[in-house]
**Q** 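The following block contains the structure, expressed as structure tokens.
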Amino acid sequence: MAIERTFSIIKPDATRRNLTGAINAVIEKAGLRIVAQKRVQWGPAQAEAFYGVHKERPFFKDLVSFMMSGPIVVQVLEGENAVAKYREVMGATNPANAAPGTIRKEFAESIEANSVHGSDSVDNAKIEIGQNFAGFEIVG
Ligand code: ATP
Ligand code: MG
């Protein structure tokens with residue numbers, strides 16, 4: 001298996017409840033390394049660009065408002081098979097369907113306020129990392 005990098009966001013519902021450390025503990029316990037991390041707050045340009053793929057979906061406006069509603073923690077995670085592994089560690093989009101022990105099962109509030117984002121492919125991970133980090137901010 002290849003060493004990969006994936007892009008992660010700890011979403012506003014989680015930072016609001018002071019869960020950054022608890023979520024990072026789950027990430028690290030799963031064998032993923034946090035090789036870049038910063039706390040930021042997005043405006044409309046960043047939130048709309050990031051979730052642009054969903055712009056025709058009925059929940060798009062709410063999703064963009066939610067993502068701007070408080071601080072987020074953007075991260076680069078590194079490890080074997082990191083993209084698929086982090087999707088497993090996050091659990092299903094809707095916490096009601098997420099497996100026990102996953103971040104979304106343990107922490108998410110709803111299908112929208114679901115605590116974390118993770119890239120869905122290696123190609124998208126590269127794009128998302130490039131949108132959010134300069135090369136010198138990533139230290140493996
Ligand atoms: P993410 O891209 O954030 O990692 P995901 O890949 O599991 O999540 P997507 O289908 O890409 O799920 O949806 C992106 C985000 O949009 C979800 O994480 C969630 O915050 C929100 N979302 C998805 N479906 C709904 C819905 N039916 N109602 C409200 N919000 C939704
Ligand atoms: Mg997605």
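Order of listing sets the numbers, starting from 1, for every ligand and every atom in it. Remember, predicted model here, so these are calculated numbers, not experimental data.
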**Q** Tell me which one of Phe59, Phe7, Phe50, Tyr51 gets a heavy atom nearest to atom 23 (C) of ligand 1.
**A**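 Closest candidate by heavy-atom distance is Phe59.
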**Q** Specify whether Phe59 and His54 have parallel, tilted or perpendicular ring planes, treating 30° as the upper limit for parallel and 60° as the lower limit for perpendicular.
**A**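 Tilted.
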**Q** Does the Ser119 side chain pair with the main chain of Phe7, one donor and one acceptor, at a distance under 3.5 Å?
**A**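 It does hold such a pair.
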**Q** Closer than 4.0 Å to some heavy atom of Gly118 - which atoms of ligand 1 meet that?
**A**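 Taking each heavy atom of Gly118 in turn, ligand 1 has 4 (O) under 4.0 Å.
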**Q** Between Arg33 and Glu28, is there a side-chain N and carboxylate O pair less than 4.0 Å apart?
**A**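 No, this pair does not count.
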**Q** Specify side chain, backbone, both or neither for Phe66, according to which of its non-hydrogen atoms lie closer than 4.0 Å to ligand 1.
**A**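 No part of Phe66 comes within reach of ligand 1.
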**Q** Hey, looking at atom 18 (O) of ligand 1, which of Asn94, Val53, Asn114, Asp120 has the closest heavy atom?
**A**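 The residue whose heavy atom sits nearest atom 18 (O) of ligand 1 is Asn114.
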**Q** Taking all atoms of both residues into account, what is the closest heavy-atom pair of Thr6 and Ala125, and its distance?
**A**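 Closest approach of Thr6 to Ala125, heavy atoms only: CA-CB, 3.9 Å.
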**Q** Would you say the side-chain atoms of Glu78 pair up with the backbone N or O of Arg5, donor to acceptor, closer than 3.5 Å?
**A**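 Checking the backbone N and O of Arg5 against the side chain of Glu78, no donor-acceptor pair under 3.5 Å is found.
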**Q** For Ile72 and Met67, work out which heavy atoms get closest and say how close.
**A**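 Smallest interatomic distance, heavy atoms only, reads CG2-O, 4.0 Å.
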**Q** What is the closest protein heavy atom to atom 11 (O) of ligand 1, and at what distance does it sit?
**A**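 Going atom by atom, the protein heavy atom closest to atom 11 (O) of ligand 1 ends up being His54 NE2, 3.0 Å.
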**Q** Could you see which bit of Met67 sits under 4.0 Å from ligand 1, with heavy atoms only: side chain, backbone, both or neither?
**A**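 It is neither; nothing of Met67 touches ligand 1.
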**Q** If you count the atoms of ligand 1 from 1 in the order shown, which ones are under 4.0 Å from a heavy atom of Leu63?
**A**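 Taking each heavy atom of Leu63 in turn, ligand 1 has 15 (C), 16 (O), 20 (O), 21 (C) under 4.0 Å.
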**Q** Residue-level breakdown please: for Ile111 versus ligand 1, do any non-hydrogen atoms fall below 4.0 Å on the side chain, on the backbone, on both, or on neither?
**A**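 For Ile111, the contact with ligand 1 is made by both the backbone and the side chain.
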**Q** Numbering the atoms of ligand 1 from 1, which are under 4.0 Å from a heavy atom of Lys11?
**A**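 Contacts of ligand 1 toward Lys11, numbered from 1: 3 (O), 17 (C), 18 (O), 20 (O).
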**Q** Can you tell me which residue pairs pass the ring pair (Phe, Tyr, Trp, His ring centres under 6.0 Å) test with a partner in residues 21-42, sequence neighbours excluded?
**A**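 Output for this query lists Trp42-Phe50.
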**Q** Does Arg57 approach ligand 1 within less than 4.0 angstrom via side chain, backbone, both or neither, non-hydrogen atoms only?
**A**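 Arg57 to ligand 1: no contact under 4.0 Å from either part.
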**Q** Please classify the Arg87 to ligand 1 contact at 4.0 Å (heavy-atom distances, strictly less than): side chain, backbone, both or neither.
**A**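 It is the side chain that gets close, since no backbone atom is under 4.0 Å.
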**Q** Answer yes or no for Lys38 and Phe133: cation-pi contact, defined as NZ/CZ to six-membered ring centre under 6.0 Å and angle to ring axis within 45°.
**A**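 That pair qualifies as a cation-pi contact.
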**Q** Testing Asn114, Val116, Ile10 for side chain to side chain contact (heavy atoms under 4.5 Å, CB included) with Ile103, which one passes?
**A**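 The option that passes is Val116.
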**Q** Pick whichever of His117, Glu112, Arg104, Met90 has a heavy atom sitting closest to atom 30 (N) of ligand 1.
**A**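 Looking at heavy atoms only, the winner is Glu112.
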**Q** Considering only the protein, which heavy-atom contact is closest to atom 7 (O) of ligand 1, and what is its distance?
**A**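 In this structure, atom 7 (O) of ligand 1 has Thr93 OG1, 2.5 Å as its nearest protein heavy atom.
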